[in-house]
Amino acid sequence: MTITETPQGTRRLTTSKAMVEAIDQEMARDESVFYMGEDVGAYGGIFSSTTGLLDKYGPGRIIDTPISETGFIGLGIGAAVEGMRPIVELMFADFMGVCLDQIYNHMAKIHFESGGNVTVPMVLTTAVGGGYSDGAQHSQCLWGTFAHLPGMKVVVPSNPADAKGLMTSAIRDDNPVVYLFHKGVMGLPWMAKNRRSTDEVPEGEHVVPIGEAKVVRPGSDVTVVTLSLSVHHSLDVADKLAEDGVDTEVIDLRSLVPLDRDTVLESVRKTGRLVVVDEDYLSYGVSGEIVATVAETDPGMLRAPAQRVAVPDVPIPYAHDLEYTVLPRQDRIERAIRAVL
Amino acid sequence: MTITETPQGTRRLTTSKAMVEAIDQEMARDESVFYMGEDVGAYGGIFSSTTGLLDKYGPGRIIDTPISETGFIGLGIGAAVEGMRPIVELMFADFMGVCLDQIYNHMAKIHFESGGNVTVPMVLTTAVGGGYSDGAQHSQCLWGTFAHLPGMKVVVPSNPADAKGLMTSAIRDDNPVVYLFHKGVMGLPWMAKNRRSTDEVPEGEHVVPIGEAKVVRPGSDVTVVTLSLSVHHSLDVADKLAEDGVDTEVIDLRSLVPLDRDTVLESVRKTGRLVVVDEDYLSYGVSGEIVATVAETDPGMLRAPAQRVAVPDVPIPYAHDLEYTVLPRQDRIERAIRAVL
Amino acid sequence: MTTQAPSSSSSGAASPGQSMEPQARLDLYRTMVLCRTYEEAILREYHADKGPGFDIGKGLIPGEMHLSAGQEPVAAGVCAHLTADDAITAAHRPHHLAIAHGVDLRAMTAEIFGRVDGLGKGRGGHMHLFDPATHFSCSGIVAEGFPAALGQAFAFRRRKTDRVAVAVAGEGAANAGAFHEALNLAALWALPVVFVVEDNDWGISVPRDLSTAVDSNAVRATAYGIPGERVEDNDVDAVHEAARPMVARARAGEGPSLLEVHTLRLWGHFEGDAQGYRPDREKVHEDDPIPIYEKRLRDAGVLDDELVQQAAADATTKVEDAIEFAKASAVPDPSTATDYVFA
Amino acid sequence: MTTQAPSSSSSGAASPGQSMEPQARLDLYRTMVLCRTYEEAILREYHADKGPGFDIGKGLIPGEMHLSAGQEPVAAGVCAHLTADDAITAAHRPHHLAIAHGVDLRAMTAEIFGRVDGLGKGRGGHMHLFDPATHFSCSGIVAEGFPAALGQAFAFRRRKTDRVAVAVAGEGAANAGAFHEALNLAALWALPVVFVVEDNDWGISVPRDLSTAVDSNAVRATAYGIPGERVEDNDVDAVHEAARPMVARARAGEGPSLLEVHTLRLWGHFEGDAQGYRPDREKVHEDDPIPIYEKRLRDAGVLDDELVQQAAADATTKVEDAIEFAKASAVPDPSTATDYVFA
Ligand SMILES: Cc1ncc(C[n+]2csc(CCOP(=O)(O)OP(=O)(O)O)c2C)c(N)n1
Ligand SMILES: Cc1ncc(C[n+]2csc(CCOP(=O)(O)OP(=O)(O)O)c2C)c(N)n1
Ligand SMILES: [Mg+2]
Ligand SMILES: [Mg+2]
C-alpha cells in the first residue's frame, strides 16, 4: 500500500483547531463550561484558541475580559467552587506574574485547605514559548514554575490529537488543570510551524488521560525526554541520526503533573543514555527533575552522564540569532545526543 | 582549654540582629541605601528585620508602605535604575504571587534587555519557611521558584554571621539580589529556635561572597547538601549519626544563584553518597537541580541512589502533626542518610 | 449602571435603629455577643499553653491568630441581610463574619484546633475556613479573596437565582491591585456583589493615613460608577441600614456596591502583638461597640438585664460546646498528610 | 494633598492653541510628523520581508509590532513639557513617546532591528527600549511599567531636583491592579508623577465599554485625591494645555495627576491584526489627527506649504538615516547570547 489513508473517524486538523474542537464538544455537552479571557470573543483568541466559539455560544459563555488577570482568574475560581467549569485563558504564560497568587495560593490550594470539601474544576489555558523574536516578556515557557507549585495538574500537548484529548480530560477533571500550549505547535498561519502541527485527530469524544507520557518514537540507543515544541525538534534530530545508525527513543511527557516517571525510567533502563530537552530555563526546573528521577532510582542506569538541553538561565533575547542560540533547537539536541553515545 | 572564648571582634548575635547590623552599616556608609516594606518602621519588621533602624534613620529611609507589593517593589526598581540602592521587603515569600511580575519580568530582566546599559542594584528581602502552623499561604520557601527565573541572584543565609555577610554583599551588588531569611533561623523570641540562631558575628565590615557554598561540617561517608533552617536539622542528625560512626559532610549552599556546583561535586566525589535536604516543594526545584548536577557530571560518583528530603508536593498543612510530617525534619533526614549508606 | 455619589452616615443624624423592629436589633446584639464570646474563648485557649514565654507554634491552637473583637458591628449588620445561600469571602480576620453568617461553630472551631472534624480536616487553619454549606471562605492573602466572590456571584446569576456574594477585607487591602480589578469587573458585569471594607484604622502597624491617599474608601466607588457609602461610627444599626439597599440592589440584579465601615480593632493585629506603635492602645476599650450598643438598646427598651444575661449565657453555651467538640476531635493521622492534594 | 474634581475639556470650548506661541505649535506639529514618518518607515520595513504569506518571526524586524499612528498628539503634547532629565515609562506601544521625548533615533531603530548598536544591543526589541540618557523605558506587561515611574520620581525628589516622571499606558491598562497601586502610592507620597492614559477605545479587540466600568478614567483620580482630566478629542493643543499644570504641579512637589486623552488607534493592535472586530476600520483615517492639526495651523497662519514640506523632509531625512544606521549595524554575535544576565 503506497496510499496513506486517514483512518476512519479522523481528519487532519491544526493543533489549535483540535483544541477548539474539544472545547466545543465539552461546551455542547455541559452547560457549566464557559471560556473567559482577553480577546477570546470576536478575535477568537490571539493564538486561535477559541476561533468560532463566540458565534456558536454567544458572549454569555465566550467572554472577553478587561486586562485584570487577578480579577478574572479569581472569578473563575469562585465560579468553579460553585460548581461551574470555567476555562480561563491567560494570554501568555509570561503574564503569570500579575496573577500567580490566584493560581498557586488559591486555585491550587483551596481543595487541600478545605480538607477535600471544596473542588475547583477549572482549566487555566495559556500560551508559551518563543522562536519568533517576541522578546524576554513574551517568549517564556515557565512550565517548571507551574509544575513546582503543588495542587494543580499541568499538561503540555505537542500535537493536534493530544491537544484535543488532553483538553477533554482537563475540562472533565475535578481539579485545576493548567493547559500550556506552545504557539509553535498551534499550526497558526502566521507563524513558522512544524509539519506535525497539522495531523490526524479523532472525531467525536477523544480523551487522553492526564499523567501518561508517550513514547512517540521507540529506539534503543538513547532516550530523549522532552515536551511541547521540542518534541518535534527531537523527532527531526532522531530522523537525521537514524541515517547514521543511531536509534533514538523520544518520550513526549505530555503531563508534568502528575509526572509519568515510570515511562522515563523504563526507557533509560533500556537505553542507558538520557538527554532532556526543555525550552524552559535550565536550572531548578524540568530538566533537573527528569535527571534526578533517574539518579534517585538507580544512577547505575546511566552509562554516560545525562545531558540537558534547555535555555541557559538567560532571559530570551530579542535578536533572532541570539534567540536561536539559547533555544533548544536541532543543532544543540544533536550535539547532546552525540555526547552521550 | 575548656573555656570557649569569643574571638576578638565578634559578639554573639541573633540572625535578625546580624542582618540589621549589616543594613545599618551599609546605610551609614551609603546615602543611597533605604529600606521599604510593610511594617518595617515602628514595628521594626514582623520578623525583626529592621529593629531600631527607624529611630536611627527616620521615616525618609525606613519606609512603611501600603499593602501594594507590585507598587512598591516596582518603585524600588525605578529608584534602583536611577542609582539608588533600595532594600525592599516582601513580608512573606508566599506573597510573591501578587508582585512576581515586577520581580521576574522587570527587576530581573531590565539589565539584560538594556544590553547591560541599565543596572538594578536592589535587594529584595523576604521571610520564608514553616514549622509554626501558619498554614498553606504563610509557610512556603519557594526559593526554587525564585532561583529558576534568570536575572536575579538568590541568597539564603542559615546563621547570624552569614546573614550579615550576605546582606553586605547583596546591598553592594550591582545586580538584583533576593535575600530569603527563614523565620526559624532569625532567633526570634516568640518562635522555636535552633541553638545556632544566636552565634558569633564579626564586628565592623563583614562580607560573605555571593555564590560560595560552605562545608559546615566536613565528613567522609555521605554528603548532605542543604540550606537555611535545614542546615541545622542536618547538623543535628550528623551529630547523632557520628555516635554510630557515620561521618556526615554537610554543605550549606548559602547561594542558589549563582550555584556553587563545584563544592557539591567535590564532596560527592569524595563520599559517593548524596542526600539533599530542602524545605521547598520536592519536584522541579532545588533538590532535583542538585541531584542532576551530579548525574550530568558523572553518575558514577554515586555509589547509591541519591535521596531527596523535601516537602512532598503538598501544600503546607496547618495541623502541627501534619506539618511536621511533610517538613524535612530530623527523622526524615536520618532515614535518608541511613538509606544511602 | 447606576452611579451614585458616595455618601457618608454619621451618628449625628437620626439614629438608624429607630425604624427597626426590636427583634431585629436584639438579633444584631445577640450576634455580636456570640462573636465576642467566641473570640474571648479563642483568646483564652490560644494563650493557655504558649509558654513558658510565648512560642507561636506551640499549644492547642498554634500559628498566627487574628481576632476580630471590636469589628462585630460589621459582621452582624451585613450578615443580617443574608441567608446561607449567599456567599461571603473574608480575609485573615474571619471569625466574626463566619459566625454571623452561620458557619457551623463546631466544625469551625475544630478547624482552628487543627482537628479531623474541622471544616478543612485540620489542613486549613483559622485563615482558611471553607464551608460549602454557607458558601463561606476566606484567604490569608490580603485582597486576593475579593475575586472569588465575583465568581460566586457569576455562578449565582448564571443559575438565575437572586443570591448575592459579599466580599470583606480591611482598609489596608483596599490599596491592593486585586481590590481595583475586582471592583471594576463586578461593576462592568453588574455582578451581585457587596464589597465591604472594614476600616479599623490599622494595617498591622501602619495607620490608615500612611496607607491610603483618601479619607474614605467610599469615594473609590466613583471610580467604578457604583454606589459607595461610609459608615463612620462602628454602629451596628447604621451598618445594617447601609447594607440593606446594597444587598437589595445586588439581589435585584443591579450590580455591586461598596460599603466602608469605620470600625475598631480592639486587640492587637494578631495575638502576641504588643502594639507599641499604637497611641490609643490604653483607652481603645472605651469605644467597644458592644457595651455602647447594649446601653442604646436598654435605653430604647429593647434590652434588659434578663435578656443581656440570656444572650451571654446562650453564647457561652454555644461557644464552650464548640470548644469542647474541637478538643474531643482527633488530631489528623500523620499518614494522611499528603491526602487531598487532588480530588 | 490637593483634591480637585475631575474636569474634561472638549473641542467645543475656545481652542486651547490660541494662547500658544506659533513656534510652540509648529514644534508640536513637527514632532507629530516625525513620529508618523517613523512609524510609516517601520511599517514598511516590518512588512518588507515577512513573506511569502506573513510569518511573524521572519524579516529584518521580527516579532510583534505595535505602532502608534494616530496617538501622536499624546506624545507631542505631553513631552513638550519635559526635558531629557525627566523620565518616561511607556508600554508595548512606545515609539511615539520615545521620539517625542528625544530618545536617540539611531540607537532606538537599531534596537528594533535587533542590532549591536541598539539601545539594548539587540537584546530588548521594540517593547523593551531603555535609554538612560533620557530616562526612557518601556515594558510589554500592561500597567506594570507604572510603578517604575514612581521609583524614578522618588529618586528625583530624594536628590532634591524638580525632575518629574511620566507614566503612560492605554485605557485597557487602567483596569489592571498595578494602575491602582501606583496611583495610590504616588498620591500618598506626593510623588512627582504624571499618569497618562491613552484611551484609543480598544485593548486589542476589546472595546473600552467592555473593559472599563466608567466613561472616563479621569474620574478615577478622585479615588486618590489627585487632579484628573480627560481630553476628549485627540487634539495636541488640548493635550499640551492639559498636561502643563500637571507637569508643573509635579515639579513644584505637589504630587501626581492623571491625564486621560481620548486618542485614536489608526492601525491594527499589532501588525498582522486584520481588525475584523472593528466596525470603524474603513473610515478611521478620517479622524487622523495630523491632517486635522495641519489644517488648523494653516488656518491660523502658523503653517504653509513650505513649512509642511520642510517638516516632512526633515522627518524623512532623520528617519531614513536611522533606518540606514540600523541596517548597517552588526547583528549580535551568537557567542554573546548569554552576556548581560548579570552586571
Ligand atoms: C498580599 C499580602 N500582603 C501582606 C500581607 C500581610 N498582612 C496580613 S494582614 C495585613 C494587614 C491588613 O490590614 P487590613 O487590610 O486593614 O486588615 P486588618 O488586619 O486591619 O483587619 C498584612 C499587611 C498579606 N497577608 N497579604
Ligand atoms: C498583564 C498583561 N495582560 C495582557 C497583555 C496582552 N496585551 C498586550 S497589549 C494589550 C491591550 C492593551 O490595551 P491598552 O492598554 O488599551 O493599550 P493599547 O494597545 O490600546 O495601546 C493586551 C491585552 C499584556 N501585555 N500584559
Ligand atoms: Mg485594617
Ligand atoms: Mg487601548
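Order of the sequence lines sets the chain letters (A, B, ...), proteins ahead of strands, with each chain counted from 1.
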Report summary line: Residue from B/Gly135, B/Ala108, B/Gly288 scoring the most non-hydrogen pairs under 4.5 Å with chain A is B/Gly288

Query raised in the report: So which of B/Pro305, B/Gly144, B/Ala136, B/Ser287 has the biggest tally of heavy-atom pairs under 4.5 Å with chain A?
Result: B/Pro305

Do you know which of [options] has the most heavy-atom pairs under 4.5 Å to chain B?
| options | result |
| --- | --- |
| A/Pro317, A/Gly115, A/Gly151 | A/Pro317 |
| A/Thr293, A/Asp280, A/Val294, A/Leu282 | A/Asp280 |
| A/Val311, A/Asp298, A/Val314 | A/Val314 |
| A/Glu113, A/Arg303, A/Arg308 | A/Arg308 |

Please classify the contact of [X] with chain B as side chain, backbone, both or neither, using a heavy-atom distance under 4.5 Å.
| X | value |
| --- | --- |
| A/Tyr281 | both |
| A/Ile316 | backbone |
| A/Gln102 | neither |
| A/Gln307 | neither |
| A/Leu256 | both |

Query raised in the report: CG of A/Leu142 to OH of B/Tyr104: how many Å apart, nearest 0.5 Å?
Result: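 One finds 4.5 Å between CG of A/Leu142 and OH of B/Tyr104.
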
Requested in this report: Measure the CG-OG1 distance between A/Leu100 and B/Thr145 for me, rounded to the nearest 0.5 Å.
Outcome: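 Atom-to-atom, A/Leu100:CG and B/Thr145:OG1 are 8.0 Å apart.
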
Query raised in the report: What pair of heavy atoms forms the shortest contact from A/Ala304 to B/Pro299, and how long is it?
Result: O-CG, 4.0 Å

Requested in this report: Specify the closest pair of heavy atoms between A/Pro315 and B/Pro150, including all atoms of both residues, with the distance to one decimal.
Outcome: N-CG, 3.9 Å

Requested in this report: Please confirm whether the backbone N or O of B/Gly97 pairs with a side-chain atom of A/Asn105, one donor and one acceptor, at under 3.5 Å?
Outcome: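 Checking the backbone N and O of B/Gly97 against the side chain of A/Asn105, no donor-acceptor pair under 3.5 Å is found.
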
**Report entry** Any donor-acceptor pair under 3.5 Å from A/Glu296 side chain to B/Ala306 backbone
**Finding:**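 Flag not set: sc A/Glu296 to bb B/Ala306 has no pair under 3.5 Å.
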
Query raised in the report: Is it the backbone or the side chain of B/Ser283 that comes under 4.5 Å from a heavy atom of chain A, or both, or neither?
Result: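 The answer is both parts of B/Ser283.
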
Query raised in the report: So, do A/Met96 and B/Asp101 sit near enough that their side-chain heavy atoms are less than 4.5 Å apart?
Result: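 No, side chains not in contact.
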
Query raised in the report: Is there a side-chain contact between B/His106 and A/Gln137 (heavy atoms, below 4.5 Å)?
Result: yes

Report task. Please list, in residue-number order, every residue in residues 265-274 of chain A that has a heavy atom less than 4.5 Å from any heavy atom of chain B; write 'none' if there are none. Result ->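 Hits under 4.5 Å: none found.
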
Query - Reference residue A/Tyr284; test side-chain contact (heavy atoms from CB on, under 4.5 Å); the match among B/Leu259, B/Val154, B/Ile290, B/Leu149 - result: B/Leu259

